[in-house]
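In what follows, chains carry the letters A, B, and so on, assigned in the order in which the sequence lines appear, proteins first and then strands, with residues in each chain numbered from 1. As the structure is a computational prediction, the values presented were derived from the model and not from experiment.
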Amino acid sequence: MEQHAVDWAKVVLGFGLPFGLALAAMASAAGLARAVTAAMEAMARQPEAATKIQGAMILGCAFIEALTIYVFVTVLMFGFGLLKI
Amino acid sequence: MRKVILITVTLTGLATCVGLTLSSVSGCLSLWSGALWGLLNAWCMTRLIQGFVQGKRGLRLTGWVTLKFLGLYAIAGWLLLSLRVSVVGWLIGFTLSLIGLGLSAFPFLRAPFKVYSWLCLLGLAASSPLAQASEGSHAQAPHAPEIPNFITLIAHFSHGSTLEFLHTWENAIFAFLIVGIVGGAVALASKALALLPSRSQAAMEAIVEGLDDLVCGVLGKSEGRRYLPFLGTLFLFILSMNLAGLVPGFKSPTSRFEMTGALGLCVFAYVQWTGIRRLGAIGYLDHLLGQPRDIAGWILGPIILLPIHIIGELVKPLSLSLRLFGNIMGEDTLLAVFVTLGALCMAWSHLPIGIPLHLPFVFLAIIFSVVQALVFTSLSMIYIYMMLPHESHEEDHSVRGEPVEPRT
(Lines give C-alpha, C1' and ligand atoms only; values in the text may rest on other atoms or scores of the structure.)
Protein backbone atom coordinates (compact mmCIF):
# COMPACT_ATOMS: atom_id res chain seq x y z
CA MET A 1 0.00 0.00 0.00
CA GLU A 2 1.18 3.51 -0.77
CA GLN A 3 2.83 5.14 2.21
CA HIS A 4 0.75 8.34 1.76
CA ALA A 5 -2.50 6.42 2.02
CA VAL A 6 -1.23 4.48 5.03
CA ASP A 7 -0.29 7.74 6.78
CA TRP A 8 -3.75 9.17 6.16
CA ALA A 9 -5.33 5.96 7.41
CA LYS A 10 -3.26 6.19 10.57
CA VAL A 11 -4.31 9.80 11.17
CA VAL A 12 -7.98 9.08 10.68
CA LEU A 13 -7.97 5.88 12.70
CA GLY A 14 -5.81 7.47 15.37
CA PHE A 15 -8.55 10.01 15.94
CA GLY A 16 -11.55 7.84 15.25
CA LEU A 17 -10.77 4.70 17.20
CA PRO A 18 -10.31 6.21 20.68
CA PHE A 19 -13.28 8.50 20.02
CA GLY A 20 -15.45 5.52 19.18
CA LEU A 21 -14.26 3.72 22.29
CA ALA A 22 -15.08 6.77 24.43
CA LEU A 23 -18.54 6.95 22.84
CA ALA A 24 -19.14 3.29 23.64
CA ALA A 25 -17.95 3.84 27.20
CA MET A 26 -20.33 6.80 27.61
CA ALA A 27 -23.29 4.84 26.30
CA SER A 28 -22.47 1.88 28.50
CA ALA A 29 -22.13 4.17 31.52
CA ALA A 30 -25.61 5.56 30.84
CA GLY A 31 -27.06 2.07 30.53
CA LEU A 32 -25.31 0.82 33.65
CA ALA A 33 -26.50 3.85 35.61
CA ARG A 34 -30.10 3.06 34.68
CA ALA A 35 -29.68 -0.59 35.60
CA VAL A 36 -28.10 0.14 38.97
CA THR A 37 -30.67 2.86 39.73
CA ALA A 38 -33.52 0.45 39.08
CA ALA A 39 -31.83 -2.18 41.22
CA MET A 40 -31.32 0.26 44.11
CA GLU A 41 -34.94 1.39 43.99
CA ALA A 42 -36.15 -2.23 43.92
CA MET A 43 -33.92 -3.08 46.88
CA ALA A 44 -35.26 -0.09 48.79
CA ARG A 45 -38.81 -1.16 48.15
CA GLN A 46 -38.23 -4.75 49.25
CA PRO A 47 -35.07 -5.24 51.30
CA GLU A 48 -35.65 -8.98 51.85
CA ALA A 49 -35.25 -9.63 48.11
CA ALA A 50 -31.97 -7.71 48.09
CA THR A 51 -29.70 -10.69 47.29
CA LYS A 52 -31.78 -11.79 44.32
CA ILE A 53 -31.97 -8.26 43.00
CA GLN A 54 -28.24 -7.84 43.44
CA GLY A 55 -27.58 -11.07 41.55
CA ALA A 56 -29.78 -9.98 38.68
CA MET A 57 -28.13 -6.56 38.67
CA ILE A 58 -24.64 -8.05 38.40
CA LEU A 59 -25.77 -10.23 35.51
CA GLY A 60 -27.39 -7.31 33.71
CA CYS A 61 -24.35 -5.12 34.24
CA ALA A 62 -22.10 -7.80 32.74
CA PHE A 63 -24.21 -7.88 29.57
CA ILE A 64 -24.12 -4.10 29.19
CA GLU A 65 -20.38 -4.08 29.86
CA ALA A 66 -19.85 -6.73 27.19
CA LEU A 67 -20.89 -4.32 24.45
CA THR A 68 -18.12 -1.94 25.42
CA ILE A 69 -15.74 -4.89 25.53
CA TYR A 70 -16.61 -5.76 21.93
CA VAL A 71 -15.67 -2.20 20.89
CA PHE A 72 -12.48 -2.43 22.96
CA VAL A 73 -11.47 -5.69 21.28
CA THR A 74 -12.10 -4.19 17.84
CA VAL A 75 -10.02 -1.13 18.69
CA LEU A 76 -7.19 -3.36 19.93
CA MET A 77 -7.35 -5.43 16.76
CA PHE A 78 -7.15 -2.31 14.61
CA GLY A 79 -4.48 -0.73 16.78
CA PHE A 80 -2.11 -3.64 17.01
CA GLY A 81 -2.90 -4.92 13.54
CA LEU A 82 -2.90 -1.80 11.44
CA LEU A 83 -1.22 0.97 13.33
CA LYS A 84 1.82 -0.80 14.67
CA ILE A 85 2.90 -2.58 11.53
CA MET B 1 -16.88 -49.97 23.31
CA ARG B 2 -17.45 -46.46 24.51
CA LYS B 3 -14.28 -46.58 26.55
CA VAL B 4 -12.34 -47.56 23.44
CA ILE B 5 -13.77 -44.64 21.54
CA LEU B 6 -12.99 -42.20 24.34
CA ILE B 7 -9.40 -43.32 24.78
CA THR B 8 -8.76 -43.38 21.05
CA VAL B 9 -10.26 -39.95 20.54
CA THR B 10 -8.18 -38.47 23.37
CA LEU B 11 -5.00 -40.04 22.08
CA THR B 12 -5.69 -38.88 18.55
CA GLY B 13 -6.45 -35.40 19.81
CA LEU B 14 -3.11 -35.27 21.60
CA ALA B 15 -1.31 -36.67 18.58
CA THR B 16 -2.98 -34.02 16.42
CA CYS B 17 -1.51 -31.34 18.66
CA VAL B 18 1.97 -32.73 18.18
CA GLY B 19 1.39 -33.37 14.51
CA LEU B 20 0.21 -29.88 13.74
CA THR B 21 3.33 -28.27 15.05
CA LEU B 22 5.53 -30.67 13.14
CA SER B 23 3.64 -31.12 9.89
CA SER B 24 0.59 -29.97 8.01
CA VAL B 25 -3.16 -30.10 8.48
CA SER B 26 -3.60 -32.86 5.91
CA GLY B 27 -1.23 -35.08 7.89
CA CYS B 28 -3.49 -34.73 10.89
CA LEU B 29 -6.58 -35.48 8.81
CA SER B 30 -4.90 -38.73 7.85
CA LEU B 31 -4.28 -39.37 11.56
CA TRP B 32 -7.97 -38.96 12.30
CA SER B 33 -9.06 -41.05 9.32
CA GLY B 34 -6.73 -43.85 10.41
CA ALA B 35 -8.07 -43.75 13.96
CA LEU B 36 -11.72 -43.70 12.85
CA TRP B 37 -11.11 -46.52 10.37
CA GLY B 38 -9.50 -48.53 13.16
CA LEU B 39 -12.53 -47.93 15.39
CA LEU B 40 -14.94 -49.00 12.65
CA ASN B 41 -12.80 -52.08 12.07
CA ALA B 42 -12.90 -52.98 15.74
CA TRP B 43 -16.65 -52.48 15.90
CA CYS B 44 -17.35 -54.68 12.86
CA MET B 45 -14.98 -57.29 14.22
CA THR B 46 -16.82 -57.39 17.57
CA ARG B 47 -20.20 -57.75 15.87
CA LEU B 48 -18.80 -60.50 13.64
CA ILE B 49 -17.33 -62.43 16.54
CA GLN B 50 -20.53 -62.02 18.53
CA GLY B 51 -22.43 -63.45 15.58
CA PHE B 52 -20.11 -66.45 15.33
CA VAL B 53 -20.15 -67.14 19.03
CA GLN B 54 -23.92 -67.00 19.19
CA GLY B 55 -24.07 -69.61 16.48
CA LYS B 56 -25.91 -67.60 13.90
CA ARG B 57 -25.19 -68.71 10.42
CA GLY B 58 -26.74 -67.64 7.21
CA LEU B 59 -27.58 -64.45 5.47
CA ARG B 60 -27.00 -61.91 8.25
CA LEU B 61 -23.56 -63.22 9.00
CA THR B 62 -22.61 -63.23 5.35
CA GLY B 63 -23.84 -59.66 5.21
CA TRP B 64 -21.57 -58.68 8.05
CA VAL B 65 -18.58 -60.43 6.52
CA THR B 66 -19.16 -58.67 3.24
CA LEU B 67 -19.57 -55.35 4.96
CA LYS B 68 -16.40 -55.72 6.93
CA PHE B 69 -14.07 -57.19 4.42
CA LEU B 70 -15.22 -55.54 1.26
CA GLY B 71 -16.65 -52.26 2.52
CA LEU B 72 -13.98 -51.31 5.01
CA TYR B 73 -11.10 -52.22 2.79
CA ALA B 74 -12.77 -50.40 -0.08
CA ILE B 75 -12.95 -47.30 2.10
CA ALA B 76 -9.34 -47.76 3.12
CA GLY B 77 -8.26 -48.18 -0.48
CA TRP B 78 -10.24 -45.12 -1.56
CA LEU B 79 -8.71 -43.02 1.22
CA LEU B 80 -5.16 -44.09 0.62
CA LEU B 81 -5.08 -44.34 -3.14
CA SER B 82 -7.52 -41.89 -4.61
CA LEU B 83 -7.59 -39.26 -1.88
CA ARG B 84 -3.84 -39.58 -1.32
CA VAL B 85 -4.20 -39.52 2.42
CA SER B 86 -0.74 -39.72 3.95
CA VAL B 87 0.04 -43.39 4.65
CA VAL B 88 2.26 -42.71 7.63
CA GLY B 89 -0.37 -40.61 9.34
CA TRP B 90 -3.03 -43.20 8.60
CA LEU B 91 -0.90 -45.99 10.03
CA ILE B 92 -0.19 -43.94 13.15
CA GLY B 93 -3.91 -43.30 13.55
CA PHE B 94 -4.66 -47.00 13.15
CA THR B 95 -2.00 -47.85 15.74
CA LEU B 96 -3.60 -45.34 18.12
CA SER B 97 -6.94 -47.11 17.74
CA LEU B 98 -5.23 -50.43 18.52
CA ILE B 99 -3.62 -48.84 21.59
CA GLY B 100 -7.06 -47.59 22.60
CA LEU B 101 -8.42 -51.11 22.24
CA GLY B 102 -5.62 -52.48 24.37
CA LEU B 103 -5.89 -49.82 27.06
CA SER B 104 -9.64 -50.24 27.38
CA ALA B 105 -9.06 -53.71 28.80
CA PHE B 106 -7.43 -52.19 31.86
CA PRO B 107 -9.83 -51.61 34.74
CA PHE B 108 -8.22 -48.38 35.85
CA LEU B 109 -10.82 -46.09 34.29
CA ARG B 110 -13.40 -46.52 37.02
CA ALA B 111 -14.97 -43.08 36.94
CA PRO B 112 -18.31 -42.81 35.15
CA PHE B 113 -18.20 -42.11 31.46
CA LYS B 114 -19.80 -38.71 31.73
CA VAL B 115 -16.80 -37.30 33.58
CA TYR B 116 -14.42 -38.67 31.00
CA SER B 117 -16.44 -37.48 28.06
CA TRP B 118 -16.58 -33.93 29.40
CA LEU B 119 -12.89 -34.02 30.22
CA CYS B 120 -12.07 -35.25 26.71
CA LEU B 121 -14.25 -32.60 25.15
CA LEU B 122 -12.74 -29.83 27.20
CA GLY B 123 -9.26 -31.25 26.63
CA LEU B 124 -9.82 -31.26 22.89
CA ALA B 125 -11.16 -27.73 23.13
CA ALA B 126 -8.08 -26.73 25.07
CA SER B 127 -5.91 -28.11 22.29
CA SER B 128 -7.51 -25.67 19.94
CA PRO B 129 -4.74 -23.26 19.00
CA LEU B 130 -4.69 -25.26 15.80
CA ALA B 131 -4.90 -22.48 13.26
CA GLN B 132 -2.44 -20.29 15.07
CA ALA B 133 0.09 -23.04 15.61
CA SER B 134 0.09 -24.36 12.08
CA GLU B 135 -0.13 -21.12 10.12
CA GLY B 136 3.30 -20.11 11.19
CA SER B 137 3.33 -18.65 14.64
CA HIS B 138 6.91 -17.63 13.97
CA ALA B 139 5.73 -14.41 12.39
CA GLN B 140 4.09 -13.06 15.51
CA ALA B 141 1.87 -10.06 14.94
CA PRO B 142 2.59 -7.45 17.64
CA HIS B 143 0.17 -8.10 20.43
CA ALA B 144 -0.74 -6.51 23.73
CA PRO B 145 1.85 -6.64 26.52
CA GLU B 146 1.39 -9.42 29.01
CA ILE B 147 3.02 -10.57 32.20
CA PRO B 148 5.53 -13.37 31.52
CA ASN B 149 4.67 -16.84 32.77
CA PHE B 150 6.96 -19.79 33.40
CA ILE B 151 6.79 -20.99 29.81
CA THR B 152 7.86 -17.67 28.35
CA LEU B 153 10.67 -17.65 30.90
CA ILE B 154 11.78 -21.12 29.79
CA ALA B 155 11.56 -20.08 26.15
CA HIS B 156 13.53 -16.92 26.91
CA PHE B 157 16.37 -18.67 28.64
CA SER B 158 16.72 -21.51 26.16
CA HIS B 159 16.57 -20.53 22.51
CA GLY B 160 16.49 -24.14 21.31
CA SER B 161 13.71 -25.21 19.00
CA THR B 162 12.62 -28.16 21.13
CA LEU B 163 11.41 -25.85 23.87
CA GLU B 164 9.88 -23.37 21.42
CA PHE B 165 7.30 -26.13 20.98
CA LEU B 166 6.23 -25.45 24.57
CA HIS B 167 5.78 -21.76 23.85
CA THR B 168 3.52 -22.42 20.86
CA TRP B 169 1.28 -24.59 22.98
CA GLU B 170 1.44 -22.48 26.12
CA ASN B 171 -2.35 -21.95 26.16
CA ALA B 172 -3.05 -25.67 25.92
CA ILE B 173 -0.40 -26.51 28.48
CA PHE B 174 -1.87 -24.09 31.01
CA ALA B 175 -5.38 -25.33 30.31
CA PHE B 176 -4.37 -28.96 30.85
CA LEU B 177 -2.39 -27.99 33.96
CA ILE B 178 -5.45 -26.25 35.40
CA VAL B 179 -7.65 -29.22 34.53
CA GLY B 180 -5.15 -31.47 36.29
CA ILE B 181 -4.96 -29.31 39.41
CA VAL B 182 -8.71 -28.74 39.77
CA GLY B 183 -9.58 -32.31 38.83
CA GLY B 184 -6.96 -33.65 41.19
CA ALA B 185 -8.23 -31.52 44.06
CA VAL B 186 -11.80 -32.69 43.48
CA ALA B 187 -10.72 -36.33 43.13
CA LEU B 188 -8.78 -36.14 46.39
CA ALA B 189 -11.69 -34.55 48.21
CA SER B 190 -14.16 -37.14 46.98
CA LYS B 191 -11.98 -40.15 47.70
CA ALA B 192 -13.63 -41.37 50.91
CA LEU B 193 -17.08 -39.84 51.16
CA ALA B 194 -18.34 -40.07 54.71
CA LEU B 195 -21.54 -39.00 56.42
CA LEU B 196 -19.50 -36.74 58.72
CA PRO B 197 -17.63 -34.85 56.07
CA SER B 198 -13.98 -33.94 56.21
CA ARG B 199 -13.08 -30.32 55.54
CA SER B 200 -12.34 -30.77 51.85
CA GLN B 201 -15.50 -32.81 51.35
CA ALA B 202 -17.52 -30.11 53.10
CA ALA B 203 -15.98 -27.47 50.87
CA MET B 204 -16.76 -29.48 47.74
CA GLU B 205 -20.30 -30.05 48.94
CA ALA B 206 -20.75 -26.32 49.50
CA ILE B 207 -19.52 -25.58 45.98
CA VAL B 208 -21.72 -28.24 44.38
CA GLU B 209 -24.75 -27.12 46.37
CA GLY B 210 -24.20 -23.52 45.35
CA LEU B 211 -23.98 -24.52 41.70
CA ASP B 212 -27.03 -26.74 42.12
CA ASP B 213 -29.03 -23.79 43.44
CA LEU B 214 -27.88 -21.64 40.55
CA VAL B 215 -28.70 -24.18 37.86
CA CYS B 216 -31.93 -25.54 39.31
CA GLY B 217 -33.13 -21.99 39.94
CA VAL B 218 -33.34 -21.45 36.20
CA LEU B 219 -33.93 -24.90 34.77
CA GLY B 220 -36.11 -26.41 37.49
CA LYS B 221 -35.35 -29.39 39.70
CA SER B 222 -35.30 -32.38 37.33
CA GLU B 223 -33.92 -30.68 34.24
CA GLY B 224 -31.39 -28.81 36.30
CA ARG B 225 -29.93 -32.03 37.69
CA ARG B 226 -29.48 -33.37 34.17
CA TYR B 227 -27.50 -30.36 33.02
CA LEU B 228 -25.73 -29.66 36.30
CA PRO B 229 -22.58 -31.71 35.44
CA PHE B 230 -21.89 -29.77 32.25
CA LEU B 231 -22.78 -26.34 33.57
CA GLY B 232 -21.04 -26.85 36.90
CA THR B 233 -17.87 -28.08 35.23
CA LEU B 234 -18.04 -25.15 32.81
CA PHE B 235 -18.28 -22.66 35.67
CA LEU B 236 -15.45 -24.19 37.68
CA PHE B 237 -13.24 -24.56 34.62
CA ILE B 238 -13.74 -20.97 33.46
CA LEU B 239 -13.39 -19.62 36.99
CA SER B 240 -10.11 -21.45 37.60
CA MET B 241 -8.77 -20.44 34.20
CA ASN B 242 -9.66 -16.78 34.77
CA LEU B 243 -8.13 -16.73 38.25
CA ALA B 244 -4.99 -18.54 37.07
CA GLY B 245 -3.81 -15.35 35.40
CA LEU B 246 -3.44 -13.76 38.82
CA VAL B 247 -1.15 -16.51 40.11
CA PRO B 248 2.48 -15.52 39.58
CA GLY B 249 4.02 -17.66 36.89
CA PHE B 250 0.71 -18.70 35.33
CA LYS B 251 -1.38 -17.29 32.52
CA SER B 252 -5.12 -17.34 31.88
CA PRO B 253 -5.82 -19.55 28.89
CA THR B 254 -9.03 -17.57 28.49
CA SER B 255 -7.06 -14.46 27.66
CA ARG B 256 -6.71 -15.78 24.11
CA PHE B 257 -9.60 -16.00 21.73
CA GLU B 258 -8.71 -19.58 20.76
CA MET B 259 -9.66 -20.87 24.18
CA THR B 260 -12.83 -18.86 24.64
CA GLY B 261 -13.86 -19.55 21.07
CA ALA B 262 -13.46 -23.25 21.74
CA LEU B 263 -15.57 -22.94 24.90
CA GLY B 264 -18.22 -21.06 22.96
CA LEU B 265 -18.25 -23.77 20.30
CA CYS B 266 -18.59 -26.45 22.99
CA VAL B 267 -21.62 -24.68 24.45
CA PHE B 268 -23.10 -24.12 20.98
CA ALA B 269 -22.70 -27.78 20.04
CA TYR B 270 -24.15 -28.92 23.36
CA VAL B 271 -27.16 -26.60 23.14
CA GLN B 272 -27.99 -27.64 19.58
CA TRP B 273 -27.49 -31.29 20.47
CA THR B 274 -29.81 -30.84 23.45
CA GLY B 275 -32.39 -29.23 21.20
CA ILE B 276 -32.24 -32.01 18.62
CA ARG B 277 -32.29 -34.70 21.25
CA ARG B 278 -35.11 -33.31 23.41
CA LEU B 279 -37.32 -31.86 20.72
CA GLY B 280 -36.60 -34.46 18.05
CA ALA B 281 -35.38 -33.47 14.62
CA ILE B 282 -38.84 -32.31 13.54
CA GLY B 283 -39.45 -30.41 16.76
CA TYR B 284 -36.08 -28.72 16.39
CA LEU B 285 -36.94 -27.52 12.88
CA ASP B 286 -40.32 -26.47 14.20
CA HIS B 287 -38.58 -24.42 16.89
CA LEU B 288 -36.36 -22.79 14.28
CA LEU B 289 -39.30 -21.98 12.04
CA GLY B 290 -41.05 -20.25 14.89
CA GLN B 291 -43.74 -22.85 15.51
CA PRO B 292 -45.98 -22.17 12.49
CA ARG B 293 -49.58 -22.96 13.39
CA ASP B 294 -51.57 -21.06 10.78
CA ILE B 295 -51.19 -20.00 7.15
CA ALA B 296 -49.44 -16.76 8.04
CA GLY B 297 -46.99 -18.75 10.17
CA TRP B 298 -46.25 -21.21 7.40
CA ILE B 299 -45.61 -18.52 4.82
CA LEU B 300 -43.76 -15.96 6.89
CA GLY B 301 -42.04 -18.43 9.21
CA PRO B 302 -39.45 -19.77 6.78
CA ILE B 303 -38.88 -16.34 5.23
CA ILE B 304 -38.55 -14.14 8.29
CA LEU B 305 -38.16 -16.23 11.40
CA LEU B 306 -35.82 -18.92 10.09
CA PRO B 307 -32.97 -16.57 9.12
CA ILE B 308 -33.41 -14.59 12.34
CA HIS B 309 -33.28 -17.73 14.45
CA ILE B 310 -30.31 -19.17 12.57
CA ILE B 311 -28.33 -15.95 12.85
CA GLY B 312 -29.35 -15.73 16.51
CA GLU B 313 -28.09 -19.23 17.17
CA LEU B 314 -24.82 -18.55 15.37
CA VAL B 315 -24.23 -15.24 17.15
CA LYS B 316 -24.63 -16.78 20.61
CA PRO B 317 -21.28 -18.60 20.79
CA LEU B 318 -19.56 -15.60 19.21
CA SER B 319 -20.90 -13.19 21.82
CA LEU B 320 -20.12 -15.60 24.67
CA SER B 321 -16.54 -16.07 23.58
CA LEU B 322 -15.91 -12.41 22.74
CA ARG B 323 -17.29 -11.24 26.06
CA LEU B 324 -15.10 -13.63 28.07
CA PHE B 325 -12.04 -13.05 25.88
CA GLY B 326 -12.35 -9.28 25.94
CA ASN B 327 -12.77 -9.11 29.69
CA ILE B 328 -9.92 -11.44 30.59
CA MET B 329 -7.52 -10.08 27.98
CA GLY B 330 -8.38 -6.58 29.12
CA GLU B 331 -7.62 -7.50 32.74
CA ASP B 332 -4.33 -9.14 31.81
CA THR B 333 -3.26 -6.22 29.65
CA LEU B 334 -4.22 -3.75 32.38
CA LEU B 335 -2.18 -5.69 34.92
CA ALA B 336 0.77 -5.96 32.54
CA VAL B 337 0.76 -2.23 31.79
CA PHE B 338 0.63 -1.29 35.46
CA VAL B 339 3.30 -3.82 36.38
CA THR B 340 5.53 -2.27 33.72
CA LEU B 341 4.75 1.20 35.09
CA GLY B 342 5.48 0.08 38.61
CA ALA B 343 8.76 -1.50 37.57
CA LEU B 344 9.77 1.55 35.55
CA CYS B 345 8.92 4.17 38.14
CA MET B 346 11.81 3.07 40.33
CA ALA B 347 14.22 2.74 37.41
CA TRP B 348 15.96 6.00 38.29
CA SER B 349 17.41 4.42 41.41
CA HIS B 350 18.97 1.44 39.53
CA LEU B 351 17.64 -0.87 42.21
CA PRO B 352 16.00 -4.14 41.11
CA ILE B 353 12.71 -3.28 42.84
CA GLY B 354 9.52 -1.53 41.79
CA ILE B 355 6.30 -0.32 43.36
CA PRO B 356 3.33 -2.72 43.01
CA LEU B 357 1.06 -0.18 41.37
CA HIS B 358 -1.13 -2.92 39.98
CA LEU B 359 -2.54 -3.89 43.38
CA PRO B 360 -6.03 -2.30 43.05
CA PHE B 361 -6.37 -3.85 39.62
CA VAL B 362 -5.71 -7.28 41.06
CA PHE B 363 -8.89 -6.91 43.13
CA LEU B 364 -10.76 -5.67 40.06
CA ALA B 365 -9.47 -8.69 38.15
CA ILE B 366 -10.63 -11.10 40.86
CA ILE B 367 -14.14 -9.62 40.86
CA PHE B 368 -14.44 -9.56 37.11
CA SER B 369 -13.06 -13.08 36.70
CA VAL B 370 -15.79 -14.43 38.97
CA VAL B 371 -18.47 -12.30 37.32
CA GLN B 372 -17.47 -13.38 33.82
CA ALA B 373 -17.46 -17.05 34.75
CA LEU B 374 -20.92 -16.56 36.25
CA VAL B 375 -22.18 -14.73 33.18
CA PHE B 376 -20.89 -17.40 30.79
CA THR B 377 -22.52 -20.15 32.81
CA SER B 378 -25.78 -18.25 33.27
CA LEU B 379 -26.04 -17.54 29.57
CA SER B 380 -25.38 -21.16 28.70
CA MET B 381 -28.11 -22.12 31.18
CA ILE B 382 -30.53 -19.70 29.56
CA TYR B 383 -29.72 -21.00 26.07
CA ILE B 384 -30.35 -24.57 27.21
CA TYR B 385 -33.57 -23.44 28.89
CA MET B 386 -34.76 -21.81 25.68
CA MET B 387 -34.04 -24.99 23.73
CA LEU B 388 -36.03 -27.25 26.05
CA PRO B 389 -39.75 -27.70 25.40
CA HIS B 390 -41.70 -25.11 27.40
CA GLU B 391 -45.25 -23.84 27.22
CA SER B 392 -44.84 -20.13 26.71
CA HIS B 393 -43.51 -20.67 23.20
CA GLU B 394 -46.55 -19.51 21.26
CA GLU B 395 -46.52 -16.13 22.90
CA ASP B 396 -42.97 -15.38 21.86
CA HIS B 397 -43.08 -16.57 18.30
CA SER B 398 -46.52 -15.88 16.92
CA VAL B 399 -45.98 -14.10 13.64
CA ARG B 400 -48.74 -11.55 14.01
CA GLY B 401 -47.25 -10.27 17.21
CA GLU B 402 -50.19 -10.99 19.48
CA PRO B 403 -50.29 -13.67 22.15
CA VAL B 404 -52.14 -16.71 20.89
CA GLU B 405 -55.40 -17.37 22.72
CA PRO B 406 -55.51 -20.76 24.43
CA ARG B 407 -58.03 -22.92 22.66
CA THR B 408 -60.91 -23.79 24.95
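- Counting heavy-atom pairs under 4.5 Å between each of B/G330, B/G217, B/G326 and chain A puts B/G326 at the top.
- In this structure, no portion of B/L324 lies under 4.5 Å from any heavy atom of chain A.
- The two residues B/R323 and B/L379 have their closest heavy-atom pair at NH1-CD1, 3.0 Å.
- Of the residues listed (B/N171, B/N242, B/T260), the one engaging B/T254 in a side-chain hydrogen bond (donor to acceptor under 3.5 Å, both in side chains) is B/N242, and it is the only one.
- Here the side chains of B/L322 and B/F257 are in contact, with some heavy-atom distance below 4.5 Å.
- With a threshold of 4.5 angstrom between heavy atoms, B/V371 approaches chain A through side-chain atoms but not through N, CA, C or O.
- We find the CD-CD1 distance between A/E48 and A/I53 to be 9.0 Å, quoted to the nearest 0.5 Å.
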